Amino acid sequence: ASVAGLDSQQIRLWVNHIRKNNQNEARKIFYSKIIPDIIDNRPVTPQKKYTGLISLLGFTPEAVVLTTKMLRPQKLVVLYTSETEHFLPEVLEYSGMSHDRFIAVEFKHGQEYKSDIFRALTEALKYFNRFQNVILEITGGKKIMSVQLSIAAALLDIDREYSIDICQIAYTKYLSELRKPAPESL
């Protein structure tokens, strides 16, 4: 059986593992079964070939992995905080990126660090040549981080230093008890 083209048995198994607090098994199912299903059933043909993906890492590293798998950039730069740093090995393992194409840039957030995300984005862009196509994925992190990052990208794009597109993973159904989007709604 399938739900919106996805294997409903795998989705139920994933949900059950999360409910039982068996995060490792849930992640394995999501990365090895659900993400390939999503990609097969929702093929994305980017309008451009992206040299780089800069992704904001929040408490759901699945967004970074899914975006990387869908867009297949040459290089991935992950912007992270001290609270999300522990997800970096997971993103590296499941994104399909090699160590030499995976870069992590830390930033601080909070009222006293309002401009640090701009600094982190500027640092991330140093890994790309000027005028290369770079896409910024803003699904992860807090909403204010996404807004700040989008503003920073717009300012840098206005200067025509880089060609920066922005993307976000959208969903139509949120599983509030699991604090995750329903895979069939991605």
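FYI, side chains are in, hydrogens and waters are out, and symmetry mates aren't considered; it's all heavy atoms of this structure. Because the structure is predicted, anything quoted here is derived from the model rather than measured.
Taking CG of L92 as the reference point, atom CD1 of I103 lies at 11.0 Å (rounded to 0.5 Å). Residue T172 holds its OG1 atom at 8.0 Å from CG of L186, rounded to the nearest 0.5 Å. Here the SG-CG distance, from C167 to L53, works out to 6.5 Å after rounding to the nearest 0.5 Å. Rounded to the nearest 0.5 angstrom, E106 CD and T81 OG1 are separated by 7.5 Å. Residue T67 holds its OG1 atom at 8.5 Å from CD1 of I135, rounded to the nearest 0.5 Å. To the nearest 0.5 angstrom, L13 atom CG is 3.5 Å from I29 atom CD1.
Exactly one of V77, L125, I54 qualifies for a side-chain contact (heavy atoms from CB on, under 4.5 Å) with V105. That residue is V77.
The two residues K48 and D165 have their closest heavy-atom pair at NZ-OD2, 3.1 Å. Nearest heavy-atom pair, P183 versus F30, reported as atom, atom and distance to 0.1 Å: CG-CE1, 4.2 Å. When all heavy atoms are compared, the tightest approach of L88 to A104 is CD1-CB, 3.8 Å. Heavy atoms only, all atoms of each residue included: P73 and G52 are closest at CB-C, 4.0 Å.
When only modelled atom types and interatomic distance are considered, E90 and Y31 share a side-chain donor-acceptor pair under 3.5 Å.
Residue K143 places its NZ atom among 12 or fewer non-hydrogen atoms of other residues, nucleotides or ligands, all under 6.0 Å distant. By the neighbour-count criterion of 12 heavy atoms within 6.0 Å, atom NZ of K108 is sparsely surrounded, having that number or fewer from other residues, nucleotides or ligands. More than 12 heavy atoms of other residues, nucleotides or ligands lie within 6.0 Å of NE2 in H86, so this atom counts as buried by the packing criterion.
A single hydrophobic cluster is not seen to contain both Y113 and I144; linkage of ILVMFWY side chains at heavy-atom distances under 4.5 Å, directly or through other members, places them apart.
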Could you give me the CA-CA distance, side-chain angles and deciding distance for I39 and D37, then say whether side-chain contact (heavy atoms from CB on, under 4.5 Å) is met? CA-CA 5 Å; I39 292 170; D37 252 10; over 6 Å; no
Verify side-chain contact (heavy atoms from CB on, under 4.5 Å) between E62 and K180, making sure each step is shown before the conclusion. CA-CA 10 Å; E62 297 91 344; K180 297 191 182 292; 3.3 Å; yes
Start with the C-alpha distance between F118 and L149, add both sets of side-chain angles, then the distance that settles side-chain contact (heavy atoms from CB on, under 4.5 Å), and finish with yes or no. CA-CA 7 Å; F118 185 87; L149 201 52; over 6 Å; no
Might you work through the side-chain contact (heavy atoms from CB on, under 4.5 Å) test for R27 and W14, ending with a clear yes or no? CA-CA 8 Å; R27 283 189 183 102; W14 173 72; over 6 Å; no
Derivation and outcome, salt bridge (Lys or Arg N to Asp or Glu O under 4.0 Å), residues K126 and E123: CA-CA 5 Å; K126 289 179 182 175; E123 183 180 330; over 6 Å; no
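Put simply, the side chain of I18 does not reach to within 4.5 Å of the side chain of K20, judged on heavy atoms. Counting heavy atoms from C-beta on, the side chains of Q23 and H17 never come closer than 4.5 Å. Side-chain contact between L79 and L57 is absent, with no heavy-atom pair separated by less than 4.5 Å. Side-chain contact between I138 and S150 is present, with heavy atoms from C-beta onward closer than 4.5 Å. Counting only heavy atoms from C-beta outward, the side chains of R119 and F107 approach each other to under 4.5 Å. Residues L76 and R101 fail the side-chain proximity criterion, which asks for heavy atoms closer than 4.5 Å. Here the side chains of E83 and H109 are in contact, with some heavy-atom distance below 4.5 Å. Here the side chains of I35 and Y94 are not in contact, with every heavy-atom distance at 4.5 Å or above.
Cation-pi geometry between K75 and F128 is satisfied (NZ or CZ under 6.0 Å from the ring centre, within 45° of the ring normal).
Considering only residues two or more places apart in sequence or on other chains, E137 meets the side chain to side chain donor-acceptor pair (under 3.5 Å) condition with S55, T139.
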